Colleague: 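Structure in structure tokens, see below.
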Amino acid sequence: MFIKYFKRLTYLTLVLLACLAMASCQEDPVPTPPATHRTVLVYMIADNSLGRGNYDADDIAEMKSAAAAGGLNGGRLLVYRAPAGTEAGKETPVLLEVTETGEVLTLKNYDNSLYSIDVERMQQVTRDVKALAPAPEYGLILWSHGNGWEEGSKSRSFGQEGSSGYTMKISSLAKGLEEFHPGFIYFDCCLMATVEVAYELRHATDAIIASGTELLSEGTRYDYNVPLFFADRFSAEEVARTTFDYFASYSGYYQTCTMSVINTAGLDRLADVTREIMKTGAEPTVSLDYQQSYMVGSASSIYDMQRYIETLDCSSELKDKWHEALKGVVSLALTTPRLFGSFKMTYYCGLGTFILTSAKDADYRGYRNQAWWQDVVSFHPVYNPTAN
């Protein structure tokens, strides 16, 4: 009897040990993030006049409306928001998610130890986005003030922040995005469709959607564009055209908009051909008064690039090569007939540029720091007397 009991006890013990061994071999289950085809980040620097005007809150409301109407199409929409009052310590930046029901969730809170225009903060946020909302494709909307390539506290290349007007250089923006590498960048800010900006970002993204001129403060309509950001097959041209059509439908002063789609893969070729032209020493055959400015007002640092090239004193063969190269960069260029009701837009090739009139112009607002100057314009013997 004892032997039979012992055998039974031994058997049960072995079974229990086997079960425990099997359980110990299994790792704790790891939560699988929801499958998504695309994650889009809105990097919203609103500690400025736009935030004080509540344009950030209005745009988030539009995002919620679009999401609740099915606009996410299975994708994920994240918003890094630095609201008005951040620099003063009244607010702190936060990473939000707009869900498919239109609800807004807080994914992470950030401290104020860094400005949102700091490379370290941008890298921190994009890493968090990849960890919290992984996807095979990413898109990026850069939301704030913008002023093209110009450097300096009041020039606001991208992202005016705080009372002192801190900004982010375009070279710093490129560095901040090199790990993230979104498939597209949509600039919801003014004056970013310039060759200097695009060339600096040519390794950071595949496509840039931007305006070459100033935009109305309300910016893009997210209830219109969010479904396009998450379409099965993303179309930069459709996004640009939708934004343009919205503003073009206005009348008078408010009928003002330019939009460009810039494909970065073609920028090296455009640089090569433009460098050839610069090396010839060609100068404009007409003054700046006959160039098409992209900036309303007496002072301008952005002009239509095609109009500029066409007025240069160089061979028609080189100009034809340049026009072919431009086709490989700009796939869509749209403009209203006038800006803000009075400023006439006769030319808009979709790509602006700075025009030097003498060597000293290279010192203007950090132009020497731009890769486009270093790789292209600096080969002009008049604009750079030390050029080879």
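Computed from a predicted model, the values in this text were never measured in an experiment.
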Colleague: Under a 3.5 Å cutoff, is there a donor and acceptor pairing between the side chains of His323 and Glu310?
Modeller: yes
Colleague: Answer yes or no: is there a donor N or O on one side and an acceptor on the other, between the side chain of Arg275 and the main chain of Asp375, under 3.5 Å?
Modeller: yes
Colleague: Would you check if there is a donor-acceptor pair between the side chains of Thr92 and Asn109 at a distance under 3.5 Å?
Modeller: no
Colleague: Mind listing the side-chain donor-acceptor pairs of residues 172-179 below 3.5 Å, one per line with the distance, residues two or more places apart or on another chain?
Modeller:
from	atom 1	to	atom 2	distance (Å)
Glu179	OE1	Arg127	NE	2.9
Glu179	OE1	Arg127	NH2	3.4
Glu179	OE2	Arg127	NH2	2.8

Colleague: When you compare the side chain of Phe234 with that of Val239, does any pair of heavy atoms fall below 4.5 Å?
Modeller: yes
Colleague: Please identify which of these residues, Tyr348, Phe354, Tyr303, meets the ring pair (Phe, Tyr, Trp, His ring centres under 6.0 Å) condition with Tyr294.
Modeller: Tyr348
Colleague: When you measure from the side chain of Thr36 to the backbone N and O of Gly74, does any donor-acceptor pair fall under 3.5 Å?
Modeller: yes
Colleague: Does Leu77 reach the side chain of Phe229, with side-chain heavy atoms less than 4.5 Å apart?
Modeller: no
Colleague: So with a 6.0 Å cut-off around CZ of Phe180, is the heavy-atom count from everything else above 12?
Modeller: yes
Colleague: Side chains of Asp361 and Tyr367: closer than 4.5 Å at any heavy-atom pair?
Modeller: no
Colleague: If we count only N and O atoms by modelled type, under 3.5 Å, do the side chains of Ser49 and His145 hold a donor and an acceptor together?
Modeller: yes
Colleague: Are the side chain of Ser260 and the backbone N or O of Leu351 linked by a donor-acceptor pair below 3.5 Å?
Modeller: no
Colleague: Do the numbers put Arg202 on top of the ring of Tyr199, so that NZ or CZ is under 6.0 Å from the six-membered ring centre and no more than 45° off the axis?
Modeller: yes
Colleague: Looking at Tyr246 versus Tyr250, is the centre-to-centre ring distance below 6.0 Å?
Modeller: yes
Colleague: Looking only at heavy atoms, what is the nearest atom pair of Asn48 and Ser144, with distance?
Modeller: ND2-OG, 3.3 Å
Colleague: Taking atom types as modelled, is there a side-chain donor on Tyr115 or Glu87 under 3.5 Å from an acceptor on the other?
Modeller: yes
Colleague: I'd like to know if Glu324 pairs up with Lys327 as an ion pair, taking the criterion as any Lys NZ or Arg NE/NH1/NH2 lying under 4.0 Å from an Asp or Glu carboxylate oxygen.
Modeller: yes
Colleague: With the threshold set at 4.0 Å, does a side-chain nitrogen-carboxylate oxygen contact exist between Asp188 and Arg221?
Modeller: no
Colleague: Assess the side chains of Thr220 and Tyr186: does a donor N or O sit below 3.5 Å from an acceptor N or O?
Modeller: yes
Colleague: Taking C-beta and beyond as the side chain, do Thr346 and Arg307 meet within less than 4.5 Å on heavy atoms?
Modeller: no
